[in-house]
Colleague: 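Take this structure, written in C-alpha cells, and hold onto it; I'll ask about it next.
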Amino acid sequence: MTKLNIYLVRHGQTYYNIYNKLQGWSNSPLTEKGKQDAKLAGQKVKDIQFAAAFCSDLPRAIETCQTILDLNEQASVKAPTAISPFLREQFYGVFEGTEMGQAWYLSGAPHGCKSFKDIVTKYSIGQAKDWMKEADPFHDAENNFEYWQRLDQGIDLIRHAGLPDGTNVLWVSHGNTVLSLVERFGEGKYDITERPKNGSLSKLVLTDDDLKFEYYDH
C-alpha cells in the first residue's frame, strides 16, 4: 500500500477574504498580507522535500503554491505538478461574491438556521451545500454530492500520480474545501464551525483507500 504525506495549505489572504465575501470559483488577488501568508507557509515547509505539488486552477491557489515552491530548499519540483479544476473551491452559484453572512442566512433561514455556524452545528457542512443549491434561483451552486463527485477526482489525481511510497506532497487548497475535508476525514476531532486561517498548514496521510488528518491547523 502506497502512503503519501500531504501538506495541505490554504491560500493566502485575498481581497474577497477581507470583505468577507464568498469566493468559490471567482477570484480576487492576494493582498500584501496574502503574499506574506504564502511566504510564511513556505518558510514552515522549506526543508521538506516535495516530490509533487498540486493546486486548483484558481489564481490565488496557483500563486500561493508557486511562492511556497520558490522558497523550498529541498523540493525536486519547482512548479505545480498538476493545476486542476477538480481541486477548486466549492462553487457557490448565484452567491459568488455575496457577503458570507447574507449568503448563509438566505440558505439556512428557511430551515431555521441563520448562519453558517448554525447550519454546521445543528446539521453539517454537507447540508449547508445542499441548502445553498436549493436557495440559488439558478440552482448552479454545487450541492454536497456534486462537490464531492468533483473533489474526489482531485484526490484521485494525487493518489494515482505514480508517486513512490512515503512521498511528501504539497496541496494548496481553499477554506471551505479544507473544512469539508476535516468534516469528512477528521474523525470528529476538530472544530468545523470556523474557517482555517489563510496560509494555515495541516498534514494528512493519503493511502490507496483512505485519507486521514495527522494534524489540523486552523
Side-chain angles (χ1 to χ4, degrees), residues 8-31 33-34 37 55-64 84-154 171-186 188 190-200 202 216-218:
L8 179 68
V9 177
R10 185 188 176 195
H11 64 77
Q13 183 193 70
T14 68
Y15 283 94
Y16 269 24
N17 291 151
I18 293 177
Y19 307 150
N20 201 38
K21 292 186 173 187
L22 291 178
Q23 208 157 190
W25 290 9
S26 306
N27 199 71
S28 66
L30 295 185
T31 63
K33 179 185 179 301
D37 291 336
C55 64
S56 81
D57 61 346
L58 296 169
R60 60 191 185 272
I62 296 171
E63 183 176 350
T64 300
S84 174
F86 293 144
L87 296 172
R88 284 182 186 178
E89 178 64 290
Q90 176 185 345
F91 183 48
Y92 299 114
V94 75
F95 296 107
E96 293 272 319
T98 302
E99 194 276 326
M100 285 188 185
Q102 180 184 9
W104 291 118
Y105 178 82
L106 291 171
S107 300
H111 307 278
C113 296
K114 296 183 178 181
S115 67
F116 178 78
K117 187 172 184 177
D118 281 349
I119 300 171
V120 172
T121 299
K122 295 175 183 178
Y123 298 92
S124 66
I125 296 174
Q127 185 65 77
K129 290 179 173 65
D130 288 345
W131 284 347
M132 179 164 280
K133 186 178 185 72
E134 180 183 305
D136 180 353
F138 297 94
H139 303 300
D140 284 334
E142 286 182 311
N143 63 21
N144 195 51
F145 174 80
E146 292 165 335
Y147 173 81
W148 282 111
Q149 186 179 47
R150 174 176 60 80
L151 197 73
D152 278 340
Q153 294 180 76
W171 176 4
V172 177
S173 189
H174 303 269
N176 189 278
T177 291
V178 172
L179 275 186
S180 297
L181 289 165
V182 170
E183 180 176 71
R184 182 174 171 185
F185 300 108
Y190 308 105
D191 179 12
I192 57 171
T193 63
E194 300 290 339
R195 284 173 174 258
K197 63 182 179 291
N198 293 105
S200 65
S202 303
Y216 167 51
D217 174 18
H218 64 286

Colleague: With a 4.5 Å limit on heavy-atom distance, are the side chains of Lys197 and Asp217 in contact?
Modeller: yes

Colleague: If you look at every heavy atom in Tyr15 and Thr31, which pair is closest and at what distance?
Modeller: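 Closest approach of Tyr15 to Thr31, heavy atoms only: N-CG2, 3.7 Å.
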
Colleague: Residues two or more places apart in sequence or in another chain: which of them pass side-chain contact (heavy atoms from CB on, under 4.5 Å) with Glu96?
Modeller: Trp25, Ser26, Phe91, Tyr92

Colleague: Sequence neighbours left out, what passes side-chain contact (heavy atoms from CB on, under 4.5 Å) with Asp136? Give chain and number order.
Modeller: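 Only Val94, Phe95, Phe138, Asp140, Ala141 meet the side-chain contact (heavy atoms from CB on, under 4.5 Å) criterion with Asp136.
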
Colleague: Could you tell me if the side chain of Gln127 sits less than 4.5 Å from the side chain of Met132, heavy atoms only?
Modeller: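 No - every pair of side-chain heavy atoms lies 4.5 Å or more apart.
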
Colleague: Looking only at heavy atoms, which two atoms of Gln23 and Ser28 are closest? And how far apart?
Modeller: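 Smallest interatomic distance, heavy atoms only, reads OE1-OG, 2.7 Å.
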
Colleague: Take the angle between the ring planes of Trp148 and Phe185 and call it parallel below 30°, perpendicular above 60°, tilted in between.
Modeller: perpendicular

Colleague: Looking at every heavy atom in both Tyr123 and Cys113, which two are closest together, and how far apart are they?
Modeller: CE1-SG, 3.8 Å

Colleague: Carefully, step by step, assess Phe145 and Asp130 under the rule side chain to side chain contact (heavy atoms under 4.5 Å, CB included).
Modeller: CA-CA 8 Å; Phe145 174 80; Asp130 288 345; over 6 Å; no

Colleague: Using a 4.5 Å cut-off on heavy atoms from C-beta on, say whether the side chain of Pro196 contacts that of Leu179.
Modeller: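 Yes, side chains in contact.
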
Colleague: Restricting to non-hydrogen atoms, name the atom on Thr14 and the atom on Arg60 that form the minimum distance, rounded to 0.1 Å.
Modeller: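 Residues Thr14 and Arg60, closest heavy atoms: CG2-CD, 3.7 Å.
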
Colleague: Can you spot which of Arg88, Gln149, Arg150 makes a side chain to side chain donor-acceptor pair (under 3.5 Å) with Glu142?
Modeller: Arg150

Colleague: Go through the steps for Tyr16 and Leu22 under the test side chain to side chain contact (heavy atoms under 4.5 Å, CB included), then give the verdict.
Modeller: CA-CA 7 Å; Tyr16 269 24; Leu22 291 178; over 6 Å; no

Colleague: Partners of Gln102 by side-chain contact (heavy atoms from CB on, under 4.5 Å), sequence neighbours excluded?
Modeller: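 Checked Gln102 against side-chain contact (heavy atoms from CB on, under 4.5 Å); matches are Thr98, Glu99, Leu106.
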
Colleague: Salt-bridged, Asp152 to Arg184, with N to O below 4.0 Å?
Modeller: yes

Colleague: Using a 4.5 Å cut-off on heavy atoms from C-beta on, say whether the side chain of Thr177 contacts that of Gln90.
Modeller: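 When only atoms from C-beta onward are counted, Thr177 and Gln90 do not touch, as no gap falls below 4.5 Å.
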
Colleague: To the nearest 0.5 angstrom, please state how far the CD1 atom of Ile192 sits from the NE2 atom of His218.
Modeller: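 Taking CD1 in Ile192 and NE2 in His218, the distance rounds to 12.0 Å.
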
Colleague: I'd like to know if the side chain of Glu89 pairs up with that of Ser56 as donor and acceptor (distance under 3.5 Å, no hydrogens or angles considered).
Modeller: no

Colleague: Looking at Tyr105, I'd like to know if the NZ or CZ of Lys114 sits under 6.0 Å from its six-membered ring centre while staying within 45 degrees of the ring's axis.
Modeller: no

Colleague: Could you pull out all residues at least two apart from Lys133 that satisfy salt bridge (Lys or Arg N to Asp or Glu O under 4.0 Å)?
Modeller: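 Here the qualifying residues are Glu146.
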
Colleague: Could you state the interatomic distance from OG (Ser180) to NE2 (His174), rounded to the nearest 0.5 Å?
Modeller: 12.0 Å

Colleague: In chain order, what residues pass the salt bridge (Lys or Arg N to Asp or Glu O under 4.0 Å) check against Lys122, with sequence neighbours excluded?
Modeller: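 Lys122 satisfies salt bridge (Lys or Arg N to Asp or Glu O under 4.0 Å) with no other residue.
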
Colleague: Using the side chain to side chain contact (heavy atoms under 4.5 Å, CB included) rule, take Ser173 and Arg10 through it: C-alpha gap first, then chi angles, then the decisive distance, then the call.
Modeller: CA-CA 5 Å; Ser173 189; Arg10 185 188 176 195; over 6 Å; no

Colleague: Considering non-hydrogen atoms only, spot the tightest contact between Asn144 and Gly126 and give its length.
Modeller: OD1-CA, 3.3 Å

Colleague: Hey, are Glu134 and His111 close enough side-chain-wise for a donor-acceptor pair under 3.5 Å?
Modeller: yes

Colleague: Carefully, step by step, assess Leu30 and Gln13 under the rule side chain to side chain contact (heavy atoms under 4.5 Å, CB included).
Modeller: CA-CA 6 Å; Leu30 295 185; Gln13 183 193 70; over 6 Å; no

Colleague: Can you name the residues that form a salt bridge (Lys or Arg N to Asp or Glu O under 4.0 Å) with Lys33, not counting sequence neighbours?
Modeller: Asp37

